[in-house]
Amino acid sequence: MSCPPRSFYRRSTEMVARSLIGKKLVRTIRKNGRAFRLAGIIVETEAYGYRDDAASHAYAGRTARNGVMFGDVGRAYVYFTYGNHFCANVSARSGRTEAGAILIRGLNPVEGIEIMRKFRPVDDLISLTSGPGKLTQALNIVSALNGLDMTDPQSELHIEFGSKPVLIFAATRVGITHATDKEWRFLDPSSPYVSRRIQIKAL
DNA sequence: CGCTCGATATTCT
DNA sequence: GAATATCGAGCGA
C-alpha cells in the first residue's frame with residue numbers, strides 16, 4: 001500500500017486533519033529480522049495551528065519540544081504529556097503559516113490486534129485505541145519515533161491510503177483550556193473508537 | 001451508565 | 001513553580 005505524498009500535508013492544517021479520517025496509521029516493528037505491522041484506520045483527529053491558535057504547542061514560538069511542527073510537513077510529532085502518555089501527531093500546514101500539526105485521537109484497529117493487546121492489555125476491545133494516549137500505547141509509539149517521515153512506507157511509523165469514510169463530523173477540541181471555540185476536531189461518527197465527551201455537529 | 005478527581009514527569013515560565 | 005493536546009479508579013444513580 002502506498003502513502004499520501006508530501007503535498008497531501010502541504011495544505012491548511014484543518015483540511016489535512018479532515019482528510020486524514022479514513023487513512024491508515026501504520027507502525028512497523030522490526031525484530032529478529034522480521035517485521036510486524038500494527039495498523040488502524042484513523043477515525044478522529046484534531047488540528048493545531050500557530051499564532052492563530054492559543055491551544056497549540058507552537059503558539060508561543062519554537063522550542064526544543066515543538067520543532068517538528070516548524071519543520072518539513074509529513075513528519076511524526078510525538079511528545080510526552082501528563083507524566084504518563086505519549087501523543088502522536090503529523091506535521092502539516094499551508095505555505096501561509098510557519099507551524100502546524102494534527103493530533104491522532106482514535107483508531108479502528110485492523111492489523112496486529114493481538115500484538116497491540118500485549119502492549120496494552122485491556123478487557124474491552126474498544127478501549128484498545130479509542131483515545132490519543134491509548135493508541136500510542138497499543139502501537140508502542142514513543143519519543144524515539146519523533147521526526148520520522150510519515151510519507152515513507154519504509155518508515156517505522158507512517159500513514160497509508162485507507163478507506164473513504166461515509167460521513168465526517170466536526171466538533172470543538174478536547175482537553176484544552178484555550179481557543180475552545182474552534183471546531184478543529186474531526187471524526188467518523190460511525191466508529192466506536194472515538195471519544196464521545198462532547199457534542200458534535202455534521203459538516 | 002456518567003461525573004469528579006488524583007497520578008505523574010516533562011516542558012516552559 | 002505552574003500547566004499539561006490523558007487515563008482510569010471510584011463514586012453515585
Side-chain angles (χ1 to χ4, degrees), chain A residues 9 12-18 20-21 23 25 40 42-71 73 75-93 97-107 109 116-148 150 157 159 169-188 192-200:
Chain A
Y9 300 97
S12 80
T13 310
E14 308 93 274
M15 183 175 297
V16 178
R18 182 175 166 177
L20 280 173
I21 302 298
K23 299 295 184 292
L25 181 69
I42 297 169
V43 298
E44 181 179 352
T45 62
E46 280 176 3
Y48 285 89
Y50 183 39
R51 302 278 189 211
D52 59 329
D53 182 10
S56 175
H57 284 175
Y59 180 67
R62 187 171 189 153
T63 65
R65 176 175 66 166
N66 66 20
V68 173
M69 293 184 73
F70 291 80
V73 298
R75 298 254 169 195
Y77 173 41
V78 181
Y79 66 86
F80 187 74
T81 191
Y82 286 108
N84 286 297
H85 312 283
F86 292 99
C87 286
N89 304 247
V90 55
S91 61
R93 63 178 186 276
T97 187
E98 291 174 44
I102 294 138
L103 172 67
I104 299 172
R105 293 191 54 90
L107 289 181
M116 290 185 200
R117 297 183 81 136
K118 288 180 180 169
F119 286 120
R120 177 174 166 76
V122 288
D123 295 328
D124 178 16
L125 185 62
I126 299 303
S127 178
L128 188 62
T129 52
S130 57
K134 298 177 187 178
L135 69 91
T136 53
Q137 186 184 6
L139 272 61
N140 194 32
I141 296 171
V142 295
S143 314
L145 305 180
N146 190 51
L148 288 187
M150 301 281 261
L157 186 65
I159 291 171
F169 279 32
T172 54
R173 295 172 294 181
V174 176
I176 52 171
T177 55
H178 299 106
T180 53
D181 57 319
K182 288 186 189 300
E183 296 191 324
W184 285 0
R185 179 189 184 201
F186 302 90
L187 56 93
D188 177 350
Y193 292 93
V194 297
S195 44
R196 294 175 207 270
R197 285 188 240 174
I198 59 173
Q199 296 190 346
I200 53 181

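Naming convention: chains lettered A, B, ... in sequence-line order (proteins, then strands); numbering from 1 in each chain.
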Side chain A:N84 and base B:dT8 donor-acceptor under 3.5 Å: yes
Taken in chain and number order and not counting sequence neighbours, the residues that satisfy ring-ring contact (aromatic ring centres under 6.0 Å, His included) with A:F70 are A:Y50
Rounded to the nearest 0.5 Å, the CZ atom of A:R51 sits from the OG1 atom of A:T97 at a distance of 9.5 Å
Here the distance between atom C1' of C:dT4 and atom CZ of A:R173, to the nearest Å, is 15 Å
*Within less than 4.0 Å of OP1 or OP2 of C:dA5, is there a side-chain N or O belonging to A:H57?*
yes
Residue set satisfying side-chain hydrogen bond (donor to acceptor under 3.5 Å, both in side chains) with A:D188, at least two apart, ordered chain then number -> A:S190
Rounded to whole Å, OH of A:Y50 lies from P of C:dA5 at a distance of 18 Å
For residues 78-90 of chain A, dump all side-chain donor-acceptor pairs below 3.5 Å to protein atoms at least two apart in sequence or in another chain.
unit_1: A:N84; atom_1: ND2; unit_2: A:Y82; atom_2: O; d: 3.1
unit_1: A:N89; atom_1: OD1; unit_2: A:L103; atom_2: N; d: 3.4
unit_1: A:N89; atom_1: ND2; unit_2: A:Y77; atom_2: O; d: 3.1

A:Q137 CD to B:dT8 C1', in whole Å, measures 15 Å
Contacts satisfying salt bridge (charged side-chain N to carboxylate O under 4.0 Å, His left out) that involve residues 122-138 of chain A (not counting sequence neighbours) are none
Sorted by chain and number, sequence neighbours left out, side-chain hydrogen bond (donor to acceptor under 3.5 Å, both in side chains) with A:S127 holds for A:R120
* Phosphate-side-chain proximity, A:T177 and C:dT4, N/O vs OP1/OP2 below 4.0 Å -> yes
- prompt: Does the side chain of A:R185 come within less than 4.5 Å of A:T172's, by heavy atoms?
  reply: no
Please assess A:Y48 against A:I176 for the test side chain to side chain contact (heavy atoms under 4.5 Å, CB included), listing each intermediate value before the final yes or no. CA-CA 11 Å; A:Y48 285 89; A:I176 52 171; 3.6 Å; yes
In whole angstroms, the gap separating P of C:dT6 from CG of A:L103 amounts to 7 Å
Practice item. Please examine the side chains of A:F169 and A:V194, heavy atoms only from C-beta on, and report whether any two atoms are closer than 4.5 Å. Key: no
note: A:E44, atom CD; C:dA5, atom C1'; distance rounded to Å ~ 11 Å
The salt bridge (Lys or Arg N to Asp or Glu O under 4.0 Å) partners of A:E46 (sequence neighbours excluded) come to A:R105
Sorted by chain and number, sequence neighbours left out, salt bridge (Lys or Arg N to Asp or Glu O under 4.0 Å) with A:D53 holds for A:R173
Each base of DNA chain B marked ( ) or [ ] if paired in-strand (Watson-Crick or G-U under 3.5 Å), | if paired to another strand and . if unpaired gives |||||||.||||.
What are the atom names and distances for every N/O pair under 3.5 Å that joins the protein to nucleotides 10-13 of chain B?
unit_1: B:dC12; atom_1: OP1; unit_2: A:T63; atom_2: OG1; d: 2.2

Show me the protein contacts with nucleotides 10-12 of chain C, counting only N or O atoms at under 3.5 Å.
none

To the nearest angstrom, the CG-P distance between A:D181 and C:dA5 comes to 17 Å
note: A:R185, atom CZ; C:dA5, atom C1'; distance rounded to Å ~ 12 Å
Rounding to 0.5 Å, atoms CD1 (A:I102) and CE (A:M69) come to a distance of 9.5 Å
In whole angstroms, the gap separating C1' of C:dT6 from CD1 of A:I104 amounts to 16 Å
- Item | Stepwise side chain to side chain contact (heavy atoms under 4.5 Å, CB included) check, A:I141 with A:L25 | CA-CA 11 Å; A:I141 296 171; A:L25 181 69; 4.2 Å; yes
Per the under-4.0 Å heavy-atom filter, residues of residues 118-133 of chain A near DNA chain C come out as A:R120, A:G131, A:P132, A:G133
- prompt: With a 3.5 Å cut-off and just heavy-atom distances, do the side chain of A:Y82 and the base of B:dA9 make a donor-acceptor pair?
  reply: no
Taken in chain and number order and not counting sequence neighbours, the residues that satisfy side chain to side chain contact (heavy atoms under 4.5 Å, CB included) with A:A47 are A:T13, A:E14, A:A17, A:W184
